[in-house]
S.K.: 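Input: one structure, supplied below.
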There are 2 protein chains.
Amino acid sequence: MFSVSAKTQYAIRAMSFLARNTERVVSSAEIAAAEQIPAKYLEGIMTSLKNGGLVSGERGKNGGYRLLKAASDIPMLQIVEALDGSVMPVNCVETPDTCSLGCSCMPRQFWIGLKSTIDDYLRDCSLQDLVEGATHAK
Amino acid sequence: MFSVSAKTQYAIRAMSFLARNTERVVSSAEIAAAEQIPAKYLEGIMTSLKNGGLVSGERGKNGGYRLLKAASDIPMLQIVEALDGSVMPVNCVETPDTCSLGCSCMPRQFWIGLKSTIDDYLRDCSLQDLVEGATHAK
DNA sequence: CTCAATTCCTATCGGTTTAGTTGGAATATA
DNA sequence: TATATTCCAACTAAACCGATAGGAATTGAG
């Protein structure tokens, strides 16, 4: 349960590669080769990261991607949400209207608490922390 | 991302129903009717809960299920794991051998931290807490 | 102006998982 | 014997996921 998609894992590796190469523009193909990610698949991932406001995509020859912000200003939560959408254990956490049981049900508070626990963890760790291997220090 | 399966949500509702009816044996069919869960589907769920050591299943006429422990002694984590297995954000958290990248990779520590954050939350909340609506109090 | 390298868009595919159904065997009670 | 129950196994339809395919749009270099 709660598995992280390959897509998100690829995205994190790609972002960490960009974080280690901030001085230049890096093509999707180069990232794919360096991080062993299927090249065509990564293209779509990079587009999602761009749409999420995390990287700039420069088209044409010698184009590629670069981080839009310093790695220390990019919470992991933002990367995760750019790919898989919001962390949302059960539907009625965000859309209580559709809950068939009436939405002051007890499990709901439980799931809300879980969501915020996960969100906090992902927000407190930045891309920079991950690149430095400092993910355990708080 | 991180969505909780319908199966697990059904299981939690079923368990909370049993927690509210500890004085007697309750049939799967009764739980299904009370909690609006597909009856036949719930049967399989109850079997999983039984195999997980959470409930006793008494067969034959007037049979049914009851909690094997006090609700306050049942951490939510145990219910979740009985249905969907271990909380495991990425494979190499539990089976580092199969990691293609060599497993001292940085993301790994990050995922391990996430797993233990989630596990802690689920362990700290008991079925009793959920039934009482006290899931926010720590 | 043309070519090549690149992002970006859309469709498709095979495999797996998920939610749920069907049918029935085993077991217990009355 | 009849009935209510757990328990077991196979099946199905739909959704999701990882990946591929084919190209259009854009840009820089020669």
S.K.: Rounded to the Å, how far apart are A:E58 CD and D:dT27 C1'?
M.R.: 11 Å
S.K.: Please confirm whether the shortest side-chain N or O distance from B:K50 to OP1 or OP2 of D:dC7 is below 4.0 Å.
M.R.: yes
S.K.: Please report the distance, rounded to the nearest Å, between CD in A:Q9 and P in D:dC17.
M.R.: 13 Å
S.K.: For the pair B:E35 and B:R20, find out whether any cationic side-chain nitrogen is under 4.0 Å from an anionic carboxylate oxygen.
M.R.: yes
S.K.: Whole angstroms only, please: what is the CG-P distance between A:L83 and D:dC17?
M.R.: 12 Å
S.K.: Strictly distance-based, threshold 3.5 Å: is any side-chain N or O of A:K115 a donor or acceptor partner for the main-chain N or O of A:V87?
M.R.: yes
S.K.: Drop me the distance from B:I37's CD1 to B:Q9's CD, to the nearest 0.5 angstrom.
M.R.: 10.0 Å
S.K.: Between B:R24 and B:E30 (salt bridge meaning N to carboxylate O under 4.0 Å), is one present in this structure?
M.R.: yes
S.K.: Centre-to-centre under 6.0 Å for B:F17 and B:Y65, is that the case here?
M.R.: no
S.K.: Checking A:V55 against A:R66 for the side chain to side chain contact (heavy atoms under 4.5 Å, CB included) test, could you report, in this order, the C-alpha distance in whole Å, the side-chain angles of both residues, the deciding distance, and whether it holds?
M.R.: CA-CA 5 Å; A:V55 300; A:R66 61 177 1 141; over 6 Å; no
S.K.: First and last nucleotide of DNA chain C in contact with chain A, 5' to 3', at under 4.0 Å to a heavy atom: what are they?
M.R.: C:dA5 to C:dC9
S.K.: Quick one: A:Y10 OH to D:dA19 C1', roughly how many Å, whole number?
M.R.: 9 Å
S.K.: Looking at A:L67, A:L54, A:D73, which hits side chain to side chain contact (heavy atoms under 4.5 Å, CB included) with A:L127?
M.R.: A:L67
S.K.: I want to check something: taking the side chain as every heavy atom from C-beta on, are A:I31 and A:L18 in contact at a cut-off of under 4.5 Å?
M.R.: yes
S.K.: Report the residue (A:N62 or B:A29) whose heavy-atom-nearest nucleotide on DNA chain D is the more 5′ of the two.
M.R.: B:A29
S.K.: Does anything in residues 37-49 of chain A come within less than 4.0 Å of DNA chain D? Heavy atoms only, and list the residues if so.
M.R.: A:P38, A:K40, A:Y41
